[in-house]
Amino acid sequence: MASISATSVLLFLTFSASLSAALSASVIEDLRNLKTPHDFNSTITKNCHHNPSLRYCSSLPMDLDEIFKSTIVASHLCNESKNPNCIESFPKIDLQNRPMITPLYLSFNFFWKYCPLSILTIDLSNSSLDSNFPIDVLQCTQIQALDMSHNDLYGDVPIESFSPLTNLTSLNLSYNHFSESKISDALFFKRFNSSSFLHSGLLPDKKKFRIKAVILLVGFPIFVILMVCCLGWLCFRRPDFLPRMLRRKHRFTPAMLKAATKGFSKRNLKGKSEAVDIYKGTLRDGTDVRIEIYRGENHPNLIEECKVLVQLCHKNLVSILGWCNNRRLRAIVTKWMEGESLEMWLLESNNTPWNQRLKILMGVVEGMCYLQEEWPEVGYDLRTSSIFLSNNLEPRISRFKIGDQSCRSRKMYKFGVLLLEMLVNRRPQEDFETGEAGFLEYIRMHYPENLQKVMDKKLATQDTFDQAKQAIGLGLMCTDIPSNQQLGLGQVFDIISRAYQSCKVLASHNRERLHAERGKGHKSIQSRRTFEFIEPPKSNS
Ligand SMILES: *[C@@H]1O[C@H](CO)[C@@H](O)[C@H](O)[C@H]1NC(C)=O
Ligand SMILES: *[C@@H]1O[C@H](CO)[C@@H](O)[C@H](O)[C@H]1NC(C)=O
Ligand SMILES: *[C@@H]1O[C@H](CO)[C@@H](O)[C@H](O)[C@H]1NC(C)=O
Ligand SMILES: *[C@@H]1O[C@H](CO)[C@@H](O)[C@H](O)[C@H]1NC(C)=O
Ligand SMILES: *[C@@H]1O[C@H](CO)[C@@H](O)[C@H](O)[C@H]1NC(C)=O
Ligand SMILES: *[C@@H]1O[C@H](CO)[C@@H](O)[C@H](O)[C@H]1NC(C)=O
């Protein structure tokens with residue numbers, strides 16, 4: 001056979017020439033009709049003698065049928081790959097864009113086992129391969145280029161199987177679905193540049209990586225900045241949105257007060273004077289508060305005072321919640337007192353019984369005692385208009401002043417005036433030209449003979465007259481600073497509480513009496529007089 005050239009490395013093709021008739025049929029058919037020529041053994045033995053590097057030469061024992069089969073496949077594949085002259089050369093396998101036949105050729109593992117040495121390029125790209133990496137291909141260790149891009153290959157790439165392919169310079173595994181390979185395979189990835197693995201799944205996705213990097217490098221700082229801004233905004237504008245532990249106690253910001261008063265709306269404005277606006281507001285936690293906003297430069301020590309006042313804690317003192325100290329806004333925030341002031345209660349309520357008045361006085365003295373003992377530097381404005389009554393008629397002193405130097409006797413004097421006001425039910429400031437002095441003068445004038453004239457009509461009844469009369473005596477004593485006969489707060493409290501107790505006893509006796517009268521109609525019990533103290537001095541004016 002002329003075509004069997006001993007020098008030709010492309011041994012297989014020499015057979016394909018002799019089998020040209022069969023090749024017109026499909027490769028499968030050719031394989032089925034395979035009939036190994038009887039002199040095939042001697043042919044390849046000759047070839048091996050000539051070129052021992054041929055693959056089948058080293059395979060022992062030689063499987064002649066298999067070797068022959070591979071020559072048939074080779075001749076078909078060479079033609080499929082449009083190699084110009086398959087009889088002379090078979091330099092490349094080109095099956096790109098051939099999804100119908102590529103899997104078939106890949107399945108001929110005997111072909112790959114004897115992969116012709118002439119093949120330098122294998123192109124299997126875009127052939128819809130959806131399997132693991134076709135590892136048989138790597139038996140063509142002499143190849144210089146391998147393209148498997150644009151397939152659906154998955155699983156691991158057998159990276160270690162690439163090491164015998166020392167002449168492979170161009171590899172393309174792009175656009176597949178391989179599993180991401182480990183860092184330990186770094187050498188492999190250095191050998192080929194990254195454009196060999198675009199979207200192959202092998203390398204960590206650049207895009208994903210970039211997104212992560214962007215998130216880390218840009219997003220994170222932005223997140224931190226936002227958090228800091230947000231926290232700053234909260235701290236400096238709306239600390240009431242912070243958890244309680246992070247808030248600075250008693251500190252209110254203008255934004256908080258604005259929110260509490262619905263933007264300082266007219267509806268919430270409850271009072272206005274030259275220097276102070278008074279708003280009612282509701283804090284975020286639902287507490288109703290009174291917000292006193294100070295305008296101008298007066299009251300320079302406002303905040304220092306507040307820092308002391310927030311520490312006051314007694315049931316008979318209005319609790320100061322905090323303050324706002326800002327260039328634009330200076331304000332004090334106190335609890336909003338539902339209910340009315342003592343002044344309103346006395347003037348407008350029809351139900352102001354003597355025992356209630358006593359109870360209120362007791363509360364006032366308790367508050368005063370607390371301040372005297374714990375906070376002697378705190379002064380207060382003891383007027384019926386600045387004492388608030390809670391819903392159960394517990395009095396609360398408001399309007400405090402720090403550094404009040406007025407002595408105890410002055411405070412006692414103020415209490416005396418308050419006491420008298422509650423008995424006489426006339427207002428010293430409004431009803432008398434000379435104010436308190438006139439008010440006291442007026443009472444002293446009628447004491448003790450004509451008290452009926454000055455006493456609140458509601459108290460001038462049989463049951464309470466005596467006690468009320470003695471209470472007026474107590475009030476006059478308290479207001480009498482020069483006589484040096486003032487009592488201590490403790491004594492005053494004792495006197496008032498005793499009167500209150502006897503009032504209660506009296507009330508229950510009266511109930512019994514009513515009951516008894518209904519039953520038998522005899523005994524009446526005299527009210528007991530427990531309201532005893534030193535006779536008040538005569539007016540010394
Ligand atoms: C091929 O021929 C050699 C001798 O040339 C012989 O040793 C070998 O067994 C033969 N192989 C087969 C598969 O017939
Ligand atoms: C090679 O393929 C072409 C079609 O591309 C076909 O016409 C021809 O017969 C084939 N030759 C052989 C030897 O199979
Ligand atoms: C892949 O092959 C199809 C035809 O089978 C073709 O339409 C497509 O353009 C090819 N894609 C690439 C990237 O070569
Ligand atoms: C690579 O090419 C050289 C020279 O062409 C050759 O000697 C060597 O055998 C080839 N390597 C492999 C693994 O085929
Ligand atoms: C990768 O190799 C190709 C040629 O194979 C070249 O065109 C490209 O510039 C190389 N890219 C890099 C990043 O080295
Ligand atoms: C691999 O194939 C892709 C898509 O066809 C191409 O963009 C890339 O440049 C190729 N890489 C190499 C190394 O040829």
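Keep in mind that the numbers below use all heavy atoms, side chains included, and drop hydrogens, waters and symmetry copies.
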Donor-acceptor check, side chain of [X] to backbone of [Y], threshold 3.5 angstrom: yes or no?
X    : Y    : result
N151 : S127 : yes
S341 : F388 : no
T253 : M256 : yes
H199 : S174 : no
N316 : P395 : yes
D152 : L129 : no
Q491 : G488 : yes
S179 : Y154 : no
S200 : S196 : no

Euclidean distance, [Y] [atom2] relative to [X] [atom1], rounded to 0.5 Å:
X    : Y    : atom1 : atom2 : answer
I222 : I215 : CD1   : CD1   : 11.0 Å
D147 : L171 : CG    : CG    : 8.5 Å
N450 : M445 : CG    : CE    : 9.5 Å
N97  : S125 : CG    : OG    : 6.0 Å
F493 : M368 : CZ    : CE    : 12.5 Å
L358 : Q501 : CG    : CD    : 10.5 Å

Could you walk me through whether R396 and L389 pass the side chain to side chain contact (heavy atoms under 4.5 Å, CB included) check? CA-CA 6 Å; R396 291 214 169 88; L389 297 179; over 6 Å; no
If you take all heavy atoms of [X] and [Y], which pair is closest and at what distance?
X    : Y    : value
I397 : Y380 : CG2-CB, 3.9 Å
W354 : A471 : CH2-CB, 3.7 Å
P376 : K411 : O-NZ, 3.8 Å
M455 : A468 : SD-CB, 3.5 Å
S195 : L198 : O-CG, 3.5 Å
E394 : G363 : OE2-CA, 4.4 Å

Has [X] got more than 12 heavy atoms of other residues, nucleotides or ligands less than 6.0 Å from its [atom1]?
X    : atom1 : value
E274 : CD    : no
K258 : NZ    : no
R247 : CZ    : yes

Look at the rings of F192 and F162 and say which category their plane angle falls in: under 30° parallel, 30 to 60° tilted, over 60° perpendicular. perpendicular
Taking the six-membered ring for Trp, are Y175 and H150 parallel (under 30°), tilted (30 to 60°) or perpendicular (over 60°)? parallel
Taking only residues at least two apart or on different chains, which pairs with a member in residues 362-371 satisfy side chain to side chain donor-acceptor pair (under 3.5 Å)? K315-E366, Y370-W375
Below 4.5 Å, heavy atoms only, C-beta onward: do [X] and [Y] meet side chain to side chain?
X    : Y    : value
V364 : F415 : yes
T282 : T287 : no
E436 : Y413 : yes
T334 : V289 : no
M148 : L153 : yes
L418 : R383 : no
F439 : V417 : yes
R357 : L346 : yes

Going by atom types alone, do T479 and R444 pair a side-chain donor with an acceptor below 3.5 Å? yes
Would you say the side-chain atoms of E441 and T434 include a donor-acceptor pair closer than 3.5 Å? no
For L423, which of L459, L474, L361, D456 qualifies under side chain to side chain contact (heavy atoms under 4.5 Å, CB included)? L459
N-O pairing of [X] and [Y] below 4.0 Å:
X    : Y    : answer
K335 : D288 : no
K270 : D277 : no
E305 : K307 : no
E292 : R330 : no
R427 : E343 : yes

Assess whether side chain to side chain contact (heavy atoms under 4.5 Å, CB included) is satisfied between F178 and D156, documenting all intermediate values. CA-CA 6 Å; F178 295 115; D156 291 326; over 6 Å; no
Output, in order, the C-alpha distance, side-chain angles, deciding distance and verdict of side chain to side chain contact (heavy atoms under 4.5 Å, CB included) for I332 and I303. CA-CA 8 Å; I332 295 184; I303 305 309; 6.0 Å; no
Can you run down the ring-ring contact (aromatic ring centres under 6.0 Å, His included) pairs that involve residues 450-483, sequence neighbours left out, and say none if there aren't any? none
Return a table of donor-acceptor pairs under 3.5 angstrom between the side chains of residues 224-246 and protein atoms on other chains or two or more places apart.
residue : atom : partner : partner atom : Å
R238    : NE   : D240    : OD1          : 3.1
R238    : NH2  : D240    : OD2          : 2.8

Apply side chain to side chain contact (heavy atoms under 4.5 Å, CB included) to the pair Y442 and F432, showing each step before the final yes or no. CA-CA 9 Å; Y442 163 74; F432 297 90; 3.6 Å; yes
